[in-house]
Amino acid sequence: MNIEKSLQQDISKAFSTLFQAELKADEIALQPTRKEFEGSHTFVCFPYARLSKKNPEETGKLLGTHLVENSEVVEDFNVVKGFLNLVLTDATWVGAFKDIFNAENFGFQPANGKEVMIEYSSPNTNKPLHLGHLRNNFLGWSVAEILKANGYNVHKVQIINDRGIHICKSMVAWQLYGDGETPESSGKKGDKLVGDYYVKFDQEYKKEIAELEKKGMAKEQAEKEAPIFKKAQELLLKWENKEPEVYQLWQTMNGWVYDGFDVTYKTMGVDFDKLYYESSTYLLGKEQALEGVEKGVFFQKEDGSVWVDLTDEGLDQKLLLRADGTSVYMTQDIGTAILRFTDFPKISKQIYTVGNEQEYHFNVLFKILAKLGYSWAKECYHLSYGMVDLPTGKMKSREGTVVDADDLMQEMVDTAKAHTAELGKVDDFTKEQAKELYEILGLGALKYFLLKVDPRKRMLFDPEESIQFHGNTAPFIQYTHARISAILRKADQLGIKPDYNSFDNLNSLHGSEVGIIGTLSDYPKKVKEAGENYSPDVIAQYVYDLAKDYNRFYQEISIFNEEDQDALKFRIALSTVVAQTIQKAMGLLGIKVPSRM
RNA sequence: GGUCCGCUAGCUCAGCUGGAUAGAGCAACUGCCUUCUAAGCAGUAGGUCUUAGGUUCGAAUCCUAAGCGGAUCACCA
C-alpha cells in the first residue's frame, strides 16, 4: 500500500467523521515537510478551512489528533501556522520499503501497448559532430529510455541530411583542392576530412566574394555570383539528375562521413533502430509538393517555384520547391514524416529532438502536414532544446570556436584517468578494467553535465566545471554506487542475504533511513514525470538526491557493527535497493555505474 | 518591427499544477579519515527570486506592463 494513498484515505475519512464534510481522497494534496519541522508529510489546512468550518490552526489540531488515534500510519503530528505536519510510524516506513524491496521492476511501468517514434541526432554529412550534437543525442537517447520505462514501445530514428547544398560545398572543395585525398591516404577520420573541405569551401567562397566586391559588385549579388558557389549549385542540380560521376563522388564522401560517425556514436553509447536518409525521402516530399499544387493547397509562382501560403495561420508564405525544381529542407521533412507514418502505422506520437532555433520550421511543417490532410499531424511534437553556450560565447563553426565531440569525449576520459590515478584506489585493476572505468567516469560526467539541465533552457558549458568530480556530478553518484557495492560484496562474503521477511521484528529506524525510504518511494512518480515532460533532468536531479541521502546514512550509521540482526539485514536490503535504483536511474540517462572506483 | 523563450546566491542550476524562514553544487571559510571507499559527511557565510502593478488568506510560482538577454521571421539546413 502506497503511503500517500493511505494518508489521503485516512484524511478523507477524518473529514467525514470530524466535519461531516466530503473530501475525496484523490483531491487531497500532500507535500513534503520542510526539514526544519518534524514529520514527513504536510497537509496544508488553509484550502480546507471552508470545508471544516474551523480556522486552519484548529482544523489541523483536530485532524492531527484524530489521525493519531484512528490512522494506522500516523504516529504523531504538529501544527505550525496552519500546516499539519505528520510523523509516520516506523512500521509504515518498513512496510513501504518491503513493497519496494519485493517489487519486480521498481519504478518502471508495464507495457502500455502504445508506440512512439523519437528522432534525434540527424546530422548533416558535411562536418563532424560537435558539443551541440552531444546534447541532442544524449537527450534523445535518454528520452527514448525514459519512455520505454513508462511502458511505450519506442522507435529510435534519425534523418541523415545526406544531400543538399552543404555536402555539395564539401564536394566542390574536394574536387578543386583535394588532390585525391582519402581517409586512408591521410589517416584522417572520414567526417573530419569532409569537414575540412567544408571549411576550405567557405574560405575560398569568402575570398571570391571579397574580390567581386572589390570590383564594385554589391555584397548580396557577389554571394550569388561567386564562381565556387555556382559550382556547388551546379553539383546539386547534377546530383538531382543523378549524373553518375557526381553521384559516385557523393556516395564516396558520405561513406567516409558515416565511417567517422559510427566511431563517434559508438563512443557516445547512442544507437538507432532505423535510419532515414534525406536522399531517399526528398522525392516523396517533391511528389507531395506537386500533388499539393493539384489539390490547391499549395500554389506555383510564375517562375515555377512551389509555395505554401500560411498567412491565414499567422505565418508567412514558405517555399517548397525552387524554380529549378530542386527541393529544400522543408520538402524532405514532409516526405520523411509521411514515410515514417507509413512504415509505422501504429505510432501514436512522433517526437523531433531538434534545437529551438528550428521552432518556426516545425511549426510550419506540422501546419503543412495538416493542410495536406494527414490526421496524425497533430501527433507530431518538436522537442525543442536550448543552445549550448561556451564561456567565450556562442559556438560558431566558421570561426573555429566549435567544441568537437570526439575531442571532448576523449578529454573527459583522460581527465578521469588522471584523477583516478591520483587517488590510487584501483591500482590493482588490469589495463582493460582501468580503461573501461575511465570511460564510464569520463562519459558519465559529460552526459550528466549535459542532461541535468532542463532541456528547454539554453545552457552554459564550462569545460572547467564539466570535468568536476565533486558535488552534483555523475562521478559523485557513481562513487556512491561503488561504495554500496563494496558493502554488498562484504555482506555476500559474510553470508548475509536479506529476504522479504528478514526484518519483520525491526522496531526502530534512524532518520536517515526514513529519508532514504521516502526518496525511494518517489521514484515511480519521477519516472512518470520525466516521461510526461520529456525531461531527463528530473531523473538526474532525483538520482543525485538519492545518492546524497545514502551518503548521509553511510556516514551516520555503521552497518556491520550492528548487533540487531533485523536492523543489519534491513540495512543491507536498503543498500541493495538504493544501488539498483541508482543503476537503473543512471541507465535512463545512458550512464553506467562501476562497482569499484 | 511581429512571434516565441529566458531572467532565482559571486558562478552554474533546482524549485514554477500558488503554501511555512526560497534550495543544491562550485568558489570561500570551519570541523571530521586506527571504523563499511574522504570522488565522502557536518557546519558557517552568501538572496529586495530583474522592475512595477494586479489576483489571493498566501505569489519566485498565476495575470498585465516595462527592462535586459537570446532565438526566429531565407530559394541555409
Side-chain angles (χ1 to χ4, degrees), chain A residues 29 31 33-37 42 44-47 49 55-56 80-83 85 122-124 126 161 164-167 169 224 233 278 301 303 305-307 314-316 318-324 326-330 332-333 354-361 363-364 384 386-387 389 391 394 416 419-420 422-423 425-426 441 449 452-454 456-462 464-466 468-480 482-491 537-538 540-541 544-545 547-548 550-561 571 575 596-597:
Chain A
Q31 48 184 292
T33 304
R34 299 181 66 94
K35 65 176 179 208
E36 60 263 39
F37 303 105
T42 294
V44 184
C45 300
F46 295 90
N55 68 45
V80 184
K81 291 197 275 183
F83 292 83
N85 301 317
S122 304
N124 291 347
N126 62 328
N161 299 300
I165 192 74
H166 53 91
I167 180 72
K169 288 178 180 176
K224 288 179 187 164
Q233 280 184 313
E278 187 182 331
K301 288 194 175 171
D303 63 0
S305 57
V306 173
W307 296 72
L315 303 173
D316 289 325
K318 185 85 189 171
L319 176 95
L320 298 179
L321 285 181
R322 297 187 183 102
D324 65 4
T326 58
S327 60
V328 292
Y329 182 51
M330 185 62 77
Q332 65 87 12
D333 257 352
V354 181
N356 63 9
E357 77 276 18
Q358 294 195 36
E359 270 169 14
Y360 183 78
H361 170 79
N363 201 353
V364 171
S384 163
M387 299 287 97
D389 284 326
K394 216 180 148 174
H419 197 74
T420 304
E422 207 177 298
L423 292 170
K425 291 181 184 180
V426 292
L441 295 176
F449 189 86
K452 73 176 172 184
V453 181
D454 182 344
R456 289 148 197 87
K457 292 188 178 174
R458 72 186 294 130
M459 67 173 293
L460 183 76
F461 184 85
D462 185 342
E464 295 282 320
E465 201 186 323
S466 68
Q468 277 291 335
F469 286 6
H470 306 271
N472 190 358
T473 63
F476 166 80
I477 297 161
Q478 290 166 321
Y479 177 68
T480 308
R483 275 181 146 182
I484 300 175
S485 301
I487 285 179
L488 297 181
R489 278 193 297 271
K490 185 165 172 182
D537 60 305
V538 170
Q541 214 68 43
Y544 172 64
D545 286 338
K548 254 197 325 190
Y550 188 86
N551 276 313
R552 189 170 66 238
F553 158 79
Y554 182 93
Q555 189 76 24
E556 284 178 3
I557 296 167
S558 169
I559 293 177
F560 292 106
N561 291 334
R571 286 172 197 164
S575 300
R596 282 187 61 193
M597 66 184 272

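The sequence lines fix the lettering, A, B, ..., with proteins before strands; numbering per chain opens at 1. Since we're looking at a predicted model, the values are computed, not measured. Any value given below was found using the heavy atoms of this structure, including those in side chains, with hydrogens, waters and symmetry copies removed.
Residue A:T473 is out of contact with every strand shown, counting any heavy-atom pair closer than 4.0 Å. Among the protein residues, A:N85 comes within range of the nucleic acid bases, having at least one heavy atom under 4.0 Å from a base atom. Backbone-only engagement by A:F476 is indicated by non-hydrogen atom pairs under 4.0 Å involving sugar-phosphate atoms exclusively. Contact annotation for A:T420: base contact, defined as any heavy-atom pair under 4.0 Å involving a base atom. Using a 4.0 Å heavy-atom distance criterion, A:L441 is classed as a base contact. Residue-level contact check: A:R456 touches neither bases nor backbone, having no heavy atom under 4.0 Å from any strand. A:K35 comes within contact range of the sugar-phosphate backbone alone, with a heavy-atom separation under 4.0 Å but no base atom that close. Heavy atoms of A:Y544 sit under 4.0 angstrom from primed sugar atoms or phosphate atoms, though from no base atom.
As a whole-Å value, the separation of A:R322 CZ from B:C75 P is 9 Å. We find that CZ of A:F469 is positioned 15 Å from C1' of B:C26, with the value rounded to whole Å. The distance from atom CD of A:E422 to atom C1' of B:A38 is 14 Å, rounded to the nearest whole Å. As a whole-Å value, the separation of A:I477 CD1 from B:G25 P is 13 Å. Counting to the nearest Å, the P atom of B:C26 and the CD atom of A:Q468 are 8 Å from each other. Note: CG (A:L321) to C1' (B:C75) measures 11 Å, nearest angstrom. Distance A:I557 CD1 to B:U35 P: 19 Å, rounded to the nearest Å. The NZ-P distance, from A:K548 to B:A24, rounds to 6 Å in whole Å.
Using atom P as the reference point in both B:A71 and B:G31, the two lie 47 Å apart (nearest Å). Comparing the C1' positions of B:G69 and B:U51 gives an interatomic distance of 15 Å, to the nearest angstrom. Separation of the C1' atoms belonging to B:G67 and B:A20 is 32 Å when rounded to the nearest angstrom. Comparing the same atom, C1', in B:G70 and in B:U48 gives a spacing of 26 Å after rounding to whole Å. Between B:U55 and B:A59, the two C1' atoms lie 10 Å apart (nearest whole Å). One P atom belongs to B:G58, the other to B:C13, and the distance between them is 34 Å to the nearest Å. Comparing the C1' positions of B:G1 and B:A22 gives an interatomic distance of 38 Å, to the nearest angstrom.
Contact annotation: A:H470 does not reach the phosphate of B:C26 (side-chain N/O to OP1 or OP2, under 4.0 Å). An OP1 or OP2 oxygen of B:C36 is reached within less than 4.0 angstrom by no side-chain nitrogen or oxygen of A:R489.
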Nucleotides 72-74 of chain B: which of its N/O atoms have a protein N/O under 3.5 Å away?
unit_1, atom_1, unit_2, atom_2, d
B:C73, O2', A:D316, OD2, 2.6

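At most 12 heavy atoms of other shown residues, nucleotides or ligands fall within 6.0 angstrom of atom CD in A:E464. Within a 6.0 Å radius of NZ in A:K301, other residues, nucleotides and ligands contribute more than 12 heavy atoms.
B:C33: glycosidic angle within 90° of 0, hence syn.
Taking 4.5 Å as the limit, some side-chain heavy atom of A:D389 sits within range of a side-chain heavy atom of A:L460. A 4.5 Å side-chain heavy-atom check between A:K169 and A:N126 finds every atom pair outside the cut-off. Side chains of A:M459 and A:F449 form a contact here, defined as non-hydrogen atoms less than 4.5 Å apart. Proximity of A:N472 to A:Q541: side-chain heavy atoms (C-beta onward) are separated by under 4.5 Å at one or more points.
Summarising the base pairing, B:A42 is matched to B:U30 through a Watson-Crick or G-U wobble pair whose two defining distances lie under 3.5 Å. Summarising the base pairing, B:A60 is matched to no nucleotide, lacking a Watson-Crick or G-U wobble pair whose two defining distances lie under 3.5 Å. With a cut-off of 3.5 Å on both Watson-Crick or G-U wobble distances, the partner of B:U21 is given as none. If you check B:U3 for Watson-Crick or wobble pairing at under 3.5 angstrom, you find it paired to B:A71. Across all strands shown, B:A65 forms a Watson-Crick or G-U wobble pair with B:U51, both key distances being under 3.5 Å. Taking a pair to require two hydrogen-bonding distances under 3.5 Å in either a Watson-Crick or a G-U wobble arrangement, B:U37 remains unpaired.
Checking A:I487 against A:T42, the closest nucleotide of RNA chain B that is more toward the 5' end is the one next to A:T42. Judged by closest nucleotide on RNA chain B, A:A547 is the one of A:A547 and A:A323 placed further toward the 5' end.
A distance of 6.0 Å or more separates the ring centres of A:F476 and A:Y479.
Side-chain contact annotation: A:R458 with A:N356, donor-acceptor N/O pair under 3.5 Å absent. Side chain to side chain, A:N161 and A:H166 fail the donor-acceptor criterion of an N or O pair below 3.5 Å.
Residue A:I165 places its side chain closer to B:C76 than to any other of B:C76, B:U21, B:C36. Closest to the side chain of A:H361, out of B:A42, B:C36, B:A77, is B:A77. Of the candidate nucleotides B:C41, B:A38, B:A77, B:C41 has the atom nearest to the side chain of A:N551.
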Checking side chain to side chain contact (heavy atoms under 4.5 Å, CB included) for the pair A:R571/A:F553: CA distance, chi angles, key distance, verdict? CA-CA 10 Å; A:R571 286 172 197 164; A:F553 158 79; 3.8 Å; yes

Set out, in order, the CA-CA distance, both residues' side-chain angles and the distance that settles side chain to side chain contact (heavy atoms under 4.5 Å, CB included) for A:S575 and A:Y554, then state yes or no. CA-CA 9 Å; A:S575 300; A:Y554 182 93; over 6 Å; no

List the protein contact pattern of nucleotides 12-19 of chain B with one symbol per nucleotide (5' to 3'): B for base contact, S for sugar-phosphate-only contact, - for none; contact means a heavy-atom distance under 4.0 Å. SSS-B--B

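Salt bridge status for A:R322 with A:D324: absent, with no side-chain N to carboxylate O gap under 4.0 Å.
Here A:F37 packs flat against the base of B:A20; its ring centre is closer than 5.5 angstrom to the base's six-membered ring, tilted by less than 30 degrees.
Both the sub-6.0 Å distance and the 45° axial angle are not jointly satisfied by A:K452 relative to the ring of A:Y544.
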